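Structure first, commentary second.
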There are 2 protein chains.
Amino acid sequence: MASIKDVAAEAGVSAATVSRVLNDHPSVSAEARARVMTAVAALGYRPNAVARSLRTDQTHTFGLVISDVMNPYFTELARSVEEEARALGYSVIIGNADERPDLQDHHVRNLLDRRIDGLLVSPTDGGSPLMLDAARGGTPMVFVDRWIPGVDVPVVRADGRGAVRDLVAHLHGLGHRRLAIIAGPAATTTGSERVEAFRAALAEYGIPLPDAYTGQGDFQAESGRRVTEGFLDLAEPPEVVFAADNLMALGALDAIRARGMRVPDDIALAAFDDIPWFVHTDPPITAIAQPTGELGRAAVRALVDRIEGRPPQSVTLPARLVVRRSCGENPASSEPSPVTNRSHS
Amino acid sequence: MASIKDVAAEAGVSAATVSRVLNDHPSVSAEARARVMTAVAALGYRPNAVARSLRTDQTHTFGLVISDVMNPYFTELARSVEEEARALGYSVIIGNADERPDLQDHHVRNLLDRRIDGLLVSPTDGGSPLMLDAARGGTPMVFVDRWIPGVDVPVVRADGRGAVRDLVAHLHGLGHRRLAIIAGPAATTTGSERVEAFRAALAEYGIPLPDAYTGQGDFQAESGRRVTEGFLDLAEPPEVVFAADNLMALGALDAIRARGMRVPDDIALAAFDDIPWFVHTDPPITAIAQPTGELGRAAVRALVDRIEGRPPQSVTLPARLVVRRSCGENPASSEPSPVTNRSHS
DNA sequence: CACGTCGATGTAATCGATTCCAAGCAATCG
DNA sequence: CGATTGCTTGGAATCGATTACATCGACGTG
């Protein structure tokens, strides 16, 4: 592979001049520029990004560590992140933590070793020493979707409280009174926040959320199945199961089907995180939709601001309820008035 | 960030010795080793992968360029690729081409600039000059799923012919005689091969595949919708629509629903590429399942063989039919005898 | 005409590792 | 006892870029 010296030799100039042409530095004569360009084309030369990074201490790359690539929510997030990054001249390296703290650490370490310019993280847990050190140690960092409390890092996320309140109103309106939730891991903010929002919304109707109706999941389908089976085994099973993410909702659906029960006739089902497939399930599933693309883009902008020395901003965007048929027939409308509360921090 | 010199100073040895300890070179005294280890721990030193790569001309990284991250088939592929790569000591950088040749080129160029050790590609088209040059120019490369004919690069893929024959037998058994297919882009091997396999299987029953029953899609949901609408507008619409990938099947389902028709009563639907969600659609969709995880792992092994100087091998694994309810009720069994033909090249 | 200015270019240092080579030293051998 | 061997170790070159600094000519000005 041709190096800058080969180009210099071919063009009859020094490597410094070639470098100047490539980085269009002003003081290069038109003639030298032309000869360098010709040599570059003739040799098919491409600058070695590794060498360049070593010298400039910039990789024009950042890492995105997500909790689960197989979850459509995160793949959509990853896609929008890559798009925005590309538009701003950055590349993205994705690390999939599979909801495992050890894997998350593996990727963070790997990315740090590669001297990425910044890190976008949707943490799987409360923060390993490694991640906390990185955050404190000055690595530009932004949390997306989930975050770690007590760390001074900008957060880009959706606020689901309004949508959860709308969901509970919807369920209450359909006559449901025994509502259960499949929570995410308590170590994640989204794991606990969603339960709290649900509990608060229920409280407005004077409905309690007993322990028996809060199952502990891990954001994976299998846990949704397991928790739901527990619910169905209760002397008084819930009338509604609300899953804190889409995969657990799928698991719940499986468990319900396995008992020969039907949604929504025998039991209602709703989920946090809307995905295209929910339109096609049997029945279509009522869900809370996050503005995923917006979140990804905002997160990238915040990170790039931080990297390039501008003050980064935390962003909170509202989620909204998308009513379908999985909680019972609502003859009125299939898409309710969107939530309009808007917040920021 | 501490460098190797800082460690050397802290340990009271030279940088060369530190390097030897880190790469556990045999000739280092136990005492020096101990002091270096202590210094490394004290400073929290991590070797700079950029500098190391520049010197050794190896990045222990390879690129994976896939055609569409939002397609669950590819995200599963990506996941298994990353897993196997990690097990073998490599990292993976994913590039999403979104079925766009220009984006594919962008990623290939970017990965080449980073001096990745090898490239795993599922090409979106027949091969740009850039990719052909890379292949011929000695970049270790392996094609997964799709490939480019006439290029001397190992291919790891599934052979769907047996499964397509099983599918046609299944459909014929249910009494269907007018069968249509939504093809993928002709520039991709999977786009054309699947049509050919379908046509060949139909021929065994003396059933033709007229032009009117072969729609041109692009592996995206929207094209599935559009083509299906065309089918439904025909004077004599098909009894079965077979989509060459899962997203187009979803589009087809949408189009069918939009007309108020029902699957499988009014029209049957089948898809290439099985995904977890097909169990939950209404109705569950009959599909041809690829051994996705196996493909990903085999592809990585082939690439790493190539990188490390061993002769890489092309691999072809059989796909199999998974019967569900979208083509009509089959009272016999829900999972037919698996296909057993096995091939290689 | 001497001197300062400015634009274009080359030389060399540098980034953080790895690795060849030579040297120091102790142990072993003839 | 001198020479050889073998183990450790450090010095210095190197990978491919970028960039501070020096140089060199041409030009304008007092």
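Lettering of chains follows the sequences in order, A, B, ..., and the numbering in each one begins at 1. What you see below is based on every heavy atom in this structure, not just the backbone, and it leaves out hydrogens, waters and symmetry mates. Values in this document were obtained by computation on a predicted structure and should not be read as measured data.
Ranked by how close their nearest DNA chain D nucleotide is to the 5' end, B:E31 and B:R115 are led by B:E31. Mapping B:P26 and A:A49 onto DNA chain D by nearest heavy atom places B:P26 closer to the 5' end of the strand.
Nucleotide D:dC7 holds its P atom 11 Å from the NE2 atom of B:H25, rounded to whole Å. Summarising the geometry, the separation between CG on A:L22 and P on D:dT19 is reported as 12 Å, rounded to the nearest angstrom. The interatomic distance linking A:D57 (CG) with D:dA17 (C1') rounds to 14 Å, in whole Å. Atom CE of B:M1 is separated from atom C1' of C:dA17 by 15 Å (rounded to the nearest Å). Taking atom CG of B:L43 as the reference point, atom C1' of C:dG16 lies 15 Å away to the nearest angstrom. Counting to the nearest Å, the C1' atom of D:dG16 and the CD atom of B:Q58 are 17 Å from each other. The CG atom of A:D24 sits 12 Å away from the P atom of D:dT18 (whole-angstrom rounding). If you take CG of A:D113 and C1' of C:dG16, they are 13 Å apart, rounded to a whole angstrom.
Between B:R86 and B:E83 no salt bridge is recorded (no basic side-chain N to carboxylate O distance below 4.0 Å).
Here the straight-line distance linking atom OG of A:S80 with atom CG of A:L295 works out to 8.0 Å at 0.5 Å rounding.
For A:A16, taking side-chain heavy atoms from C-beta onward, the closest of the listed nucleotides C:dA13, C:dG10, C:dA17 is C:dG10. Among the nucleotides D:dT18, C:dG16, C:dT18, the one closest to the side chain of A:L54 is C:dG16.
Of the possible donor and acceptor atoms, none in the side chain of B:S67 sits under 3.5 Å from a partner among the backbone N and O of B:D98. With hydrogens and angles ignored, the 3.5 Å screen pairs no side-chain donor or acceptor of B:R146 with any backbone N or O of B:F143.
For D:dC15, the OP1/OP2 oxygens have no side-chain nitrogen or oxygen of A:N48 closer than 4.0 Å. Checking the phosphate oxygens (OP1, OP2) of C:dG7, no side-chain nitrogen or oxygen of A:S27 falls inside 4.0 Å. One finds a side-chain N or O of B:T17 lying less than 4.0 angstrom from the OP1 or OP2 phosphate oxygen of D:dG10. Distances shown here put a side-chain N or O of B:R52 below 4.0 Å from the OP1 or OP2 atom of C:dT18. Using a 4.0 Å cut-off, some side-chain N or O of B:S29 falls inside it from OP1 or OP2 of D:dT9.
Of all heavy-atom pairs between A:G89 and A:H60, the closest is O-ND1, 3.5 Å.
Backbone-only contact: B:V28 has heavy atoms under 4.0 Å from sugar-phosphate atoms and none from a base. Nucleic acid contact class of A:A32 (heavy atoms, under 4.0 Å, all strands): sugar-phosphate only. Residue contacts for B:T56: at a heavy-atom cut-off of 4.0 Å it reaches the sugar-phosphate backbone alone, with no base atom in range. A:V13 comes within contact range of the sugar-phosphate backbone alone, with a heavy-atom separation under 4.0 Å but no base atom that close. Counting any heavy atom pair closer than 4.0 Å across all strands shown, A:V50 reaches no nucleic acid atom. Looking at heavy-atom distances under 4.0 Å, A:N23 makes contact with sugar-phosphate atoms alone, never a base.
The base of C:dG10 lies close enough to the side chain of A:R20 for a donor and an acceptor atom to sit less than 3.5 Å apart.
A:D125 and A:Q104 are linked by a side-chain donor-acceptor pair at a separation below 3.5 angstrom, with hydrogens and angles left out of the test.
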